[in-house]
Amino acid sequence: MTQMPQTDRPSGHARTLAVVNQKGGVGKTTTAINLGTALAAVGRSVLIVDLDPQGNASTGLGIDLNQRDRNTYHVLVGTVKGEEAIVATKIPRLDIMPSSVELSGSELELIELPTPQMRLKKALLALPAKYDYVLIDCPPSLNLVTVNAMAAADAVLVPLQCEFFALEGLSQLLKTIERVRVSLNPDLEIQGIVLTMFDRRNRLSEQVADDVRSHMGSKVYETVIPRNVRVSEAPSHGSPALLYDYRCAGSQAYIRLAGELLRRERRRAMAA
Ligand code: ADP
Ligand code: MG
């Protein structure tokens, strides 16, 4: 008897999602950390790949500087294997490949190396088949490092802050995704767009949310992440919001987002 796949990950290979938006401060890192934590909490094995030279995901997960000696910079330039740069976090089933400031100058080095856009993909493919999800936290630009993330990913997840220029930024990002599809990764999907730092007392927030939904339709997750002080306090404690204050509105929203993501993944796996 053939069985319907019950899992969101039937193939045995990690689903790799690039958390991307060329704007800084829109909630990429917060989303990578808290979504990663929520997925780990429901039993998935998760790796966060920190590709931002600022290392906010590494700091936000409590990774000391001395645990970042081997990091994504070394993995991209090829002096360290991906597996060797992974460290465990205090959250069960959640690991991280930390970053380093050296990443900020890496473009000039990368373009001298073979297949400069595919270096992360190669490194991730060589990892042991341990992870269900790999979440790549991208830097705030559409540079070669971000292109590496999009080339390595099965899908992108786009955090969008509900502010006036959100749609302009999004259309630029969609063009880049299309270019990556044509030249490097024809199967790259959009897992979804998540509205972040939503303030329901602000009419502009509502209006931007409506605009994004009317342009992007069902690509936009139903879950909206509210602006929430507890979420912004958590990183200074080296903890995801989900650990710092599980009950706060922001944590609860990220738990719902993880549920929505898993439902999309399951639907996708059934259709395949
Ligand atoms: P990015 O990675 O896109 O630069 P961050 O995730 O670092 O963005 O978020 C930018 C800032 O906003 C950080 O200080 C973060 O703590 C804060 N922040 C993110 N999401 C929320 C939220 N839902 N509520 C309040 N503050 C938030
Ligand atoms: Mg960030």
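Both ligands and their constituent atoms are indexed starting at 1 by order of listing. For reference, positions follow the sequence shown, starting with 1.
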Which atoms of ligand 1 are found less than 4.0 Å from any heavy atom of [X]?
X: P226; result: 22 (C), 23 (N), 24 (N)
X: I225; result: 23 (N)
X: G24; result: 4 (O)

Closest approach of Q67 to P98 (non-hydrogen atoms, all atoms of both residues) |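 Between these two residues, the closest heavy atoms are O-CG, 3.8 Å.
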Within-cut-off N or O pair, M197 and ligand 1, under 3.5 Å |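 For ligand 1, there is no N or O atom that lies under 3.5 Å from one belonging to M197.
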May I ask you to check whether K28 has an N/O atom sitting below 3.5 Å from an N/O atom of ligand 1?
->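 Such a contact does occur with ligand 1.
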Relative to atom 2 (O) of ligand 1, which among D199, V26, N228, T29 owns the nearest non-hydrogen atom?
->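 Ranked by closest heavy atom to atom 2 (O) of ligand 1, first place is T29.
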Pick from T30, V229, V224: the one approaching atom 20 (N) of ligand 1 most closely through a non-hydrogen atom =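 Going through T30, V229, V224 one by one, T30 has the nearest heavy atom to atom 20 (N) of ligand 1.
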Nearest protein heavy atom under 4.0 Å from atom 4 (O) of ligand 1, yes or no =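 Yes, at least one protein heavy atom sits under 4.0 Å from atom 4 (O) of ligand 1.
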Is there at least one protein heavy-atom neighbour under 4.0 Å from atom 10 (C) of ligand 1?
->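 So atom 10 (C) of ligand 1 has protein heavy-atom neighbours under 4.0 Å.
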Spacing of NE2 belonging to H215 relative to CG belonging to L170, to within rounding of 0.5 Å =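 Nearest 0.5 Å value for the NE2-CG distance: 9.0 Å.
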Thinking salt bridges, do R119 and E109 make one under a 4.0 Å N-O criterion?
->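 Looking at R119 and E109, the cut-off is not met.
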Close approach of G25 to ligand 1, heavy atoms, under 4.0 angstrom |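 It does, in that a heavy atom of G25 comes within the 4.0 Å cut-off of ligand 1.
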Specify whether an N/O/S atom of N56 falls short of 2.8 Å from the Mg ion (ligand 2).
->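 Coordinating: no.
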